There are 2 protein chains.
Amino acid sequence: MEEIDRAIVAALTVDGRLSYTDLAERVGLSVSAVHQRVRRLEQRGVISGYTARVSYEALELPLTAFVAIRPFDPSQPDDAPERLAHLAEIDSCYSVAGEDFYLLLVRVASPADLERLLQEIRTAANVTTRTTVVLSTPYENRPPGLSAPKPPDPPDLAS
Amino acid sequence: MEEIDRAIVAALTVDGRLSYTDLAERVGLSVSAVHQRVRRLEQRGVISGYTARVSYEALELPLTAFVAIRPFDPSQPDDAPERLAHLAEIDSCYSVAGEDFYLLLVRVASPADLERLLQEIRTAANVTTRTTVVLSTPYENRPPGLSAPKPPDPPDLAS
DNA sequence: TCTGAAAATGAGACGAT
DNA sequence: ATCGTCTCATTTTCAGA
């Protein structure tokens with residue numbers, strides 16, 4: 001991806017509601033050109049959408065935790081993500097290499113809610129859990145590092 | 001927080017670029033009233049900003065990993081988050097309870113880049129690392145527990 | 001706090017270079 | 001691929017209930 005597109009994505013990652021006017025003068029193009037590039041970035045899936053950044057403290061969900069899970073019976077089919085998808089407290093679900101099968105990021109209102117959630121996870125997916133409580137979050141969901149352009153492709157020898 | 005505000009936050013979490021017109025008819029208020037509520041939510045920090053959702057695959061950062069770190073020398077002052085903040089590959093930094101001190105979420109282009117990053121982390125913060133590679137991400141950064149109305153339509157690819 | 005309407009701004013489309 | 005202009009939707013402000 002080229003430099004201007006990287007700059008556009010970087011800017012929209014910091015402020016997803018930037019106007020095309022502002023965006024245009026930041027990257028040094030006309031409004032129309034920027035508008036077109038953004039549309040292409042959206043079509044190609046580089047930008048998959050826009051969302052509001054929320055404060056979980058303000059939303060009364062001050063307790064964050066990681067929950068590592070592994071099947072109680074490893075011979076059973078592994079469909080934990082689908083079985084857990086209905087639990088709104090689960091923010092993210094990662095399939096991981098290592099001792100555990102999945103790593104969940106969960107957000108709840110209180111230790112009591114965490115306890116309830118863990119019980120639901122265990123029964124819904126038939127798994128054991130190992131939970132790591134988050135004490136604080138120095139930073140989270142930072143914009144991706146877009147500064148490093150890609151080295152040029154080697155010359156095409158097929159001609 | 002009251003019901004209408006929750007609905008507004010939920011809707012903006014799914015689509016951060018919803019117009020006030022759409023927002024208004026979803027929650028059953030006038031455009032002005034919704035606009036005013038959004039402004040107050042932003043002022044109170046419930047909504048801390050807006051960002052574009054990006055595809056890390058499309059950004060050529062297909063490799064995600066969790067890096068648990070703990071100090072090489074526990075008697076040293078613990079300022080790992082600041083020492084690591086300049087590393088753009090680090091998406092998030094959580095201070096956690098348990099055996100480790102911090103849990104980092106990192107995104108890189110390749111195993112070689114992961115290796116380089118781990119070396120940088122170890123030397124920059126004087127820590128040992130334990131890395132868990134993410135194989136796939138069934139879901140990530142879901143809207144916080146509020147009744148989710150409707151996912152936004154996918155972009156029209158028929159062009 | 002909500003409403004409705006006016007004024008300012010931005011989005012989205014078009015044809016031209 | 002970019003540009004400038006056009007039209008229409010949206011944002012934003014304001015007085016009033």
Side-chain angles (χ1 to χ4, degrees), chain A residues 1-55 58-60 143 146-153 156, chain B residues 1-55 58-60 143 146-147 149-159:
Chain A
M1 202 173 55
E2 49 194 48
E3 174 144 6
I4 294 184
D5 282 338
R6 303 193 94 92
I8 290 174
V9 172
L12 286 178
T13 306
V14 174
D15 182 357
R17 278 191 162 181
L18 264 186
S19 71
Y20 293 113
T21 309
D22 289 346
L23 214 44
E25 65 186 33
R26 289 200 195 194
V27 304
L29 282 184
S30 74
V31 174
S32 315
V34 170
H35 188 271
Q36 194 170 324
R37 289 175 100 109
V38 171
R39 268 181 38 90
R40 280 184 49 197
L41 287 168
E42 291 169 350
Q43 281 184 330
R44 286 175 35 202
V46 179
I47 296 174
S48 60
Y50 301 88
T51 124
R53 221 182 295 123
V54 300
S55 158
L59 279 181
E60 301 161 14
L146 300 164
S147 47
K150 195 179 80 172
D153 290 321
D156 183 8
Chain B
M1 202 173 56
E2 49 192 50
E3 172 143 9
I4 294 183
D5 282 338
R6 300 196 94 93
I8 290 174
V9 172
L12 286 178
T13 305
V14 174
D15 181 358
R17 279 190 162 182
L18 263 186
S19 72
Y20 293 114
T21 309
D22 289 347
L23 216 43
E25 64 186 32
R26 289 199 197 193
V27 304
L29 283 183
S30 71
V31 174
S32 316
V34 169
H35 185 258
Q36 199 169 321
R37 279 173 178 261
V38 171
R39 267 181 38 89
R40 281 184 49 198
L41 288 168
E42 291 170 349
Q43 281 184 328
R44 287 175 32 198
V46 179
I47 295 174
S48 59
Y50 301 88
T51 109
R53 222 182 294 123
V54 300
S55 158
L59 279 180
E60 300 162 16
L146 311 153
S147 57
K150 195 183 77 171
D153 290 323
D156 184 10
L157 301 180
S159 75

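This is a predicted model, so every value here is computed, not measured. Computation of the quantities below employed the complete heavy-atom set of this structure, encompassing side-chain atoms and omitting hydrogens, waters and symmetry-equivalent molecules. Chain A is the first sequence line, chain B the second, and so forth, proteins listed ahead of strands; every chain is numbered from 1.
Nearest approach of B/Gly45 to A/Ser55, heavy atoms of both residues: O-CB, 3.1 Å. Closest heavy-atom contact between A/Arg6 and B/Leu59: NH2-O, 4.2 Å. Smallest separation of non-hydrogen atoms from A/Thr51 and B/Thr13: CB-O, 3.1 Å.
Shown are A/Val27, A/Ile4, A/Asp22, A/Thr21; of these, the side-chain contact (heavy atoms from CB on, under 4.5 Å) with A/Val34 is made only by A/Val27.
For the atom pair CZ of A/Arg39 and CG of A/Leu41, the computed distance is 11.5 Å after rounding to the nearest 0.5 Å. Taken from OH in B/Tyr50 to CG in A/Leu18, the straight-line distance is 13.0 Å, to the nearest 0.5 Å.
Side-chain to base pairing of B/Ser32 with C/dG4: one donor and one acceptor N or O lie within less than 3.5 Å of each other.
For B/Ser48, the side-chain contact (heavy atoms from CB on, under 4.5 Å) criterion is met by A/Arg53, not counting sequence neighbours. Take B/Gln36 and apply the side-chain hydrogen bond (donor to acceptor under 3.5 Å, both in side chains) test, not counting sequence neighbours, and it matches no residue. For A/Tyr20, the ring-ring contact (aromatic ring centres under 6.0 Å, His included) criterion is met by A/His35, not counting sequence neighbours.
When DNA chain D is scanned in the 5' to 3' direction for atoms under 4.0 Å from non-hydrogen atoms of chain A, the outermost contacting nucleotides are D/dA1 to D/dT5.
A donor-acceptor pair under 3.5 Å is absent between the side-chain atoms of B/Arg44 and the main chain of A/Ala58, judged by distance alone.
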Only Watson-Crick and G-U wobble pairs with both distances less than 3.5 Å should count. Give DNA chain D in dot-bracket notation, marking inter-strand partners with |.
||||||||||.||||||
Could I get a table of every N or O pair under 3.5 Å where one atom is in the protein and the other is in nucleotides 7-11 of chain C?
unit_1, atom_1, unit_2, atom_2, d
C/dA11, OP1, A/Tyr20, N, 3.4
C/dA11, OP2, A/Tyr20, N, 3.0

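Position along DNA chain D of the nearest nucleotide to B/Arg39 versus A/Gln36 favours A/Gln36 as the more 5'-ward residue.
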